[in-house]
Undergrad: 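Pasting a structure below so you can have a look.
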Amino acid sequence: MDLYHNIYDDGFEDQRDPEYEILMENAQVQDFSDMNLPNYTAQAVEDMLSVERDYIDTKDLCLKILAELKGHNIPQELFATRIISRSQGTLSDLLGKPKPWEMLRAGRNTFKRMYNWMVQPYETRMAILFGDPVGTVAVSTPSPRNKRNKRQSSSPGDSAPKKPRLVFTETQKNALVKVFKETERPSSKMQKVIADHLHLDVSTVNNFFMNARRRRHRAARTSEEQDQEQYFQ
DNA sequence: TGAAAGTCAATAAC
DNA sequence: GTTATTGACTTTCA
């Protein structure tokens with residue numbers, strides 16, 4: 001499917017304008033300090049990004065955002081923090097494997113912000129990304145969640161030492177995958193047996209199956225879509 | 001209350 | 001240096 005199909009009637013700016021063409025040719029351009037970008041207040045930015053939307057073609061949007069970031073050499077880290085108030089890893093995951101709008105719940109908000117950024121004129125998009133908004137936002141909508149701040153703050157200086165991230169050994173991983181192929185939803189009893197056998201916490205085993213189910217279904221959906229696209233070509 | 005959804009953030013991969 | 005992956009935490013929902 002064409003990346004920019006329906007570009008003229010879906011609310012997105014016409015990206016074939018001369019300015020866009022020049023920028024795409026000079027993808028190295030990254031210094032916006034001398035561009036005289038408009039300076040919005042934090043509240044104005046928030047108002048722009050939080051406009052309600054009834055429906056968003058998430059897949060199409062993500063392709064456009066990816067092209068925009070790549071075309072202008074905008075780091076994901078910057079976009080993630082400035083536009084959606086999320087981490088780089090989360091953004092990468094969302095852009096690479098977007099869930100369809102109808103399957104989203106609270107997560108719609110994140111796509112809504114990406115969409116609302118994308119429909120702005122070029123100068124506004126860059127001003128939001130690189131600008132230094134004045135003032136504060138009256139209602140703190142998308143800020144990182146309270147308890148998450150707690151999680152983030154458990155860094156140097158904190159009394160509780162950070163738990164190192166577990167990486168499954170090859171044996172553990174192989175065994176877990178093997179069981180998963182046979183049963184995606186093992187009973188608590190079975191999970192306990194697996195945990196004991198692999199010298200893992202039951203919660204770790206439970207997390208593995210939870211993540212595996214979610215990620216497998218997402219992968220299945222993606223390949224289904226690809227099949228459909230090939231069929232309709 | 002348990003499962004699903006949303007996400008963080010370390011770190012693997014490029 | 002940047003992006004993708006992924007185990008685990010937090011929030012939402014039935």
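Lettering of chains follows the sequences in order, A, B, ..., and the numbering in each one begins at 1. For the numbers below, each heavy atom of this structure counts, side chains included, while hydrogens, waters and symmetry mates do not.
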Undergrad: If we count only N and O atoms by modelled type, under 3.5 Å, do the side chains of A/Y115 and A/T58 hold a donor and an acceptor together?
TA: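 No - no donor-acceptor pair under 3.5 Å links their side chains.
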Undergrad: Indicate, with a heavy-atom threshold strictly under 4.0 Å, whether A/R185 touches base, sugar-phosphate, or nothing.
TA: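 Counting heavy atoms under 4.0 Å across all strands, the contact made by A/R185 is with sugar-phosphate only.
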Undergrad: Could you say whether A/L69 or A/N211 is positioned toward the 5' end of DNA chain C, judged by the nucleotide with the nearest heavy atom to each?
TA: A/L69
Undergrad: In whole Å, I'd like the distance from the CG atom of A/N206 to the P atom of B/dA4.
TA: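 So the two atoms are 9 Å apart, to the nearest Å.
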Undergrad: Does any donor atom in the side chain of A/Q43 or A/D47 lie under 3.5 Å from an acceptor atom in the other side chain?
TA: yes
Undergrad: Give the rounded distance in Å between these two atoms: NZ of A/K70 and P of C/dT2.
TA: 14 Å
Undergrad: Closest approach to the side chain of A/T110, judged atom by atom: which nucleotide of B/dT7, C/dA8, B/dA4 is it?
TA: B/dT7
Undergrad: With nearest nucleotides of DNA chain B determined for A/R105 and A/G89 from heavy-atom distances, which residue corresponds to the more 5′ nucleotide?
TA: A/R105
Undergrad: How long is the gap from NZ on A/K97 to SG on A/C62, to the nearest 0.5 Å?
TA: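 It is 12.0 Å, given to the nearest 0.5 Å.
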Undergrad: I want to confirm an ordering. Mapping A/E77 and A/V205 to their closest nucleotides on DNA chain C, which one lands closer to the 5' end?
TA: A/E77
Undergrad: What is the nucleic acid contact for A/G107, judged by heavy atoms within less than 4.0 Å: base, sugar-phosphate only, or nothing?
TA: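 The answer is sugar-phosphate, as A/G107 gets under 4.0 Å only of primed atoms, P, OP1 or OP2.
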Undergrad: Please determine if a side-chain N or O atom of A/T90 lies less than 4.0 Å away from the OP1 or OP2 oxygen of B/dT7.
TA: no
Undergrad: Given atom CG of A/L94 and atom P of C/dA4, what is their separation to the nearest angstrom?
TA: 12 Å
Undergrad: Provide a list of protein-nucleic acid N or O atom pairs under 3.5 angstrom, restricted to nucleotides 11-14 of chain B.
TA:
none

Undergrad: Starting at CZ of A/R218 and ending at C1' of B/dA4, how long is that distance when rounded to a whole Å?
TA: 13 Å
Undergrad: Quick check: any donor-acceptor pair below 3.5 Å linking the side-chain of A/R108 to the base of B/dG6?
TA: no
Undergrad: Kindly point out which of B/dT7, B/dG6, C/dG7 is positioned nearest to the side chain of A/A106?
TA: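 Of the candidates, B/dG6 comes closest.
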Undergrad: Can you figure out which of B/dC8, B/dA4, B/dA5 approaches the side chain of A/K99 most closely?
TA: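 Nearest to the side-chain atoms of A/K99, counting from C-beta on, is B/dA5.
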Undergrad: Nearest of C/dA4, B/dG6, B/dA9 to any side-chain atom of A/S92?
TA: C/dA4
Undergrad: Using atom CG of A/L166 as one end and atom C1' of B/dA9 as the other, report the distance to the nearest whole Å.
TA: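 Spelled out: CG on A/L166 to C1' on B/dA9 is 15 Å.
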Undergrad: Has A/K97 got a side-chain N or O lying under 4.0 Å from the OP1 or OP2 atom of C/dT5?
TA: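 Checking C/dT5 against A/K97, a side-chain N or O does come within under 4.0 Å of OP1 or OP2.
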Undergrad: Could you tell me the separation between the CH2 atom of A/W101 and the C1' atom of B/dA5, rounded to a whole number of Å?
TA: 15 Å
Undergrad: What nucleic acid atoms does A/R213 come within less than 4.0 Å of, heavy atoms only: base, sugar-phosphate, or nothing?
TA: sugar-phosphate
Undergrad: Should we count CD of A/E170 as having more than 12 external heavy atoms under 6.0 Å?
TA: no
Undergrad: Return all side-chain donor-acceptor pairs below 3.5 angstrom for residues 206-217 of chain A, not counting sequence neighbours, or 'none' if the list is empty.
TA:
unit_1	atom_1	unit_2	atom_2	d
A/N206	ND2	A/Q191	OE1	3.2
A/N207	ND2	A/S203	O	3.2
A/N211	OD1	A/R214	NH2	3.2
A/N211	ND2	A/N207	O	3.2
A/R213	NH1	A/E184	O	2.8
A/R216	NE	A/E184	OE2	2.5
A/R216	NH2	A/E184	OE2	3.2
A/H217	ND1	A/R213	O	3.1
A/H217	NE2	A/E184	OE1	3.3

Undergrad: Using whole Å, report how far CZ of A/F180 lies from C1' of C/dG7.
TA: 15 Å
Undergrad: Considering only C/dA8, B/dT7, B/dA4, which nucleotide approaches the side chain of A/M210 most closely?
TA: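 Ranking C/dA8, B/dT7, B/dA4 by closest atom to the A/M210 side chain puts B/dA4 first.
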Undergrad: Mind checking the CG-OG1 spacing from A/L129 to A/T81? Nearest 0.5 Å is all I need.
TA: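 Rounded to the nearest 0.5 Å, the CG-OG1 separation comes out at 9.0 Å.
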Undergrad: Distance check needed: C/dT5 P versus A/F168 CZ, whole Å only.
TA: 17 Å
Undergrad: Between A/E77 and A/R86, is there a side-chain N and carboxylate O pair less than 4.0 Å apart?
TA: no
Undergrad: Measuring only between side-chain heavy atoms, which start at C-beta, is A/M190 closer than 4.5 Å to A/T183?
TA: yes
